[in-house]
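A quick write-up on the structure given underneath.
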Amino acid sequence: MQGEEASFFVLCDGEAVLPIGTAQDHKRVGEGDTGPNTGGMGAYSPAPVLTEAVAARALDEIIRPTVEEMARRGTPYQGVLYAGLMIADGAPRLVEYNVRFGDPECQVLMMRLGAQALDLMQAAAEGRLDEIRVNWAEDHAMTVVMAAEGYPGDYARGSRIGGLDGLPETSSEMVFHAGTAERDGQIVAAGGRVLNITARGDSLRQARDRAYALVDRVHWPEGFCRRDIGWRALD
Ligand code: GLY
């Protein structure tokens, strides 16, 4: 399929569907989207290519028919539905469905939703999605993955990560631990994708600048990140 790929997240309660955000991630390990595929080296939300018009088409033409058909067959779907879409000329096509939040898309979605995420998921679990609304801020979020040198090939575990203690944990800046462990009171790398450095802003550029400012405060010589997360949207 030709076009630009983006992810559309909806909650389902068996009948009703509620959009909870859009995101784009970067699968390739290298800058400019080059090199081997990874689980995702960074993500941002919202996805500019998933405009309101494209989202409405995706809901009407792809997602609602799926959810309605599952209910009709007696196998209603309740939970989070992650639609991977390919968008060309304003038309969305379905690449795949996942029944989970994406990683690292989840981190940017959670930063934007904040505490209401729990109410939304509870409403999905209790079949009350038609009663609930998402309160959107006109904001943007970006997460930058810090990975162990060598990832997605062989990489070493156990290197010490410094600088984390002083980093903010607020509704606009957050470091999510993906592959770390605590050893003798120190945080060490314990996986390939290790940290998700995440920030919100009034614009994507501001979110990007805040996220990379946090990255620069992490002292981890054995780690690396891509420096161009969001380049398509920012260009
Ligand atoms: N970041 C892609 C996924 O979680 O499938």
Side-chain angles (χ1 to χ4, degrees), residues 1-12 17-50 54-55 58 62-63 66-67 77 79-87 92-113 117 120-121 124 140-148 150-153 155 174-180 189-200 204 207-208 211-212 215 223-234:
M1 283 189 236
Q2 302 297 317
E4 196 170 337
E5 210 171 338
S7 309
F8 191 21
F9 295 86
V10 298
L11 290 177
C12 309
V17 300
L18 183 72
I20 55 164
T22 65
Q24 272 177 286
D25 78 347
H26 291 267
K27 291 270 192 326
R28 304 277 178 165
V29 74
E31 284 170 15
D33 294 321
T34 56
N37 259 325
T38 70
M41 293 300 293
Y44 51 97
S45 173
V49 68
L50 241 165
V54 173
I62 301 171
I63 293 169
T66 305
V67 172
Y77 178 64
V80 63
L81 192 57
Y82 160 164
L85 301 173
M86 188 67 84
I87 297 142
R93 297 174 71 194
L94 184 70
V95 179
E96 62 177 357
Y97 276 134
N98 287 297
V99 288
R100 58 180 177 82
F101 285 107
D103 175 12
E105 295 94 326
C106 187
Q107 291 84 321
V108 284
L109 288 181
M110 291 304 129
M111 285 300 278
R112 294 191 62 221
L113 288 171
L120 300 175
M121 288 187 258
H140 297 256
M142 180 180 289
T143 190
V144 178
V145 170
M146 294 193 78
Y151 175 83
Y155 55 84
M174 186 71 68
V175 176
F176 294 95
H177 288 232
T180 62
R193 290 184 299 155
V194 172
L195 296 170
N196 308 125
I197 315 280
T198 312
R200 283 170 65 203
L204 185 60
R208 190 269 312 267
Y212 280 110
V215 166
F224 74 99
C225 67
R226 277 182 57 168
R227 284 272 160 191
D228 65 343
I229 300 303
W231 67 272
R232 274 181 215 279
L234 291 164

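Remember, it's 1-based here, ligands and their atoms both numbered in the order they're listed. Position 1 is the first residue of the sequence; numbering continues from there.
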Can you produce the list of protein nitrogen or oxygen atoms under 3.5 Å from a nitrogen or oxygen of ligand 1, alongside each distance?
| unit_1 | atom_1 | unit_2 | atom_2 | d |
| --- | --- | --- | --- | --- |
| ligand 1 | 1 (N) | Asp25 | OD2 | 2.7 |
| ligand 1 | 1 (N) | Gly39 | O | 3.2 |
| ligand 1 | 1 (N) | Asp103 | O | 2.8 |
| ligand 1 | 1 (N) | Glu105 | OE1 | 2.9 |
| ligand 1 | 1 (N) | Glu105 | OE2 | 3.2 |
| ligand 1 | 4 (O) | Arg100 | NH1 | 3.0 |
| ligand 1 | 4 (O) | Asp103 | N | 3.0 |
| ligand 1 | 4 (O) | Asp103 | O | 3.4 |
| ligand 1 | 5 (O) | Arg100 | NH2 | 2.7 |

| request: Not counting sequence neighbours, which residues clear side chain to side chain donor-acceptor pair (under 3.5 Å) with Arg112? List them please. | output: Ser45, Asp139

| request: Would you check if Thr66 and Tyr77 make a side-chain contact, meaning some heavy-atom pair closer than 4.5 Å? | output: no

| message | Quick one, Val145 and Leu195 - any side-chain contact, counting heavy atoms below 4.5 Å? | response | no

| What residue among His26, Arg28, Lys27 forms side chain to side chain donor-acceptor pair (under 3.5 Å) with Asp33? | His26

| task | Using atom types as modelled and distance alone, determine if a side-chain donor or acceptor of Arg193 lies under 3.5 Å from a backbone N or O of Gly39. | result | yes

| task | Using side chain to side chain contact (heavy atoms under 4.5 Å, CB included) as the criterion, point out the one residue from Val99, Val80, Leu18, Val17 that pairs with Cys12. | result | Val17

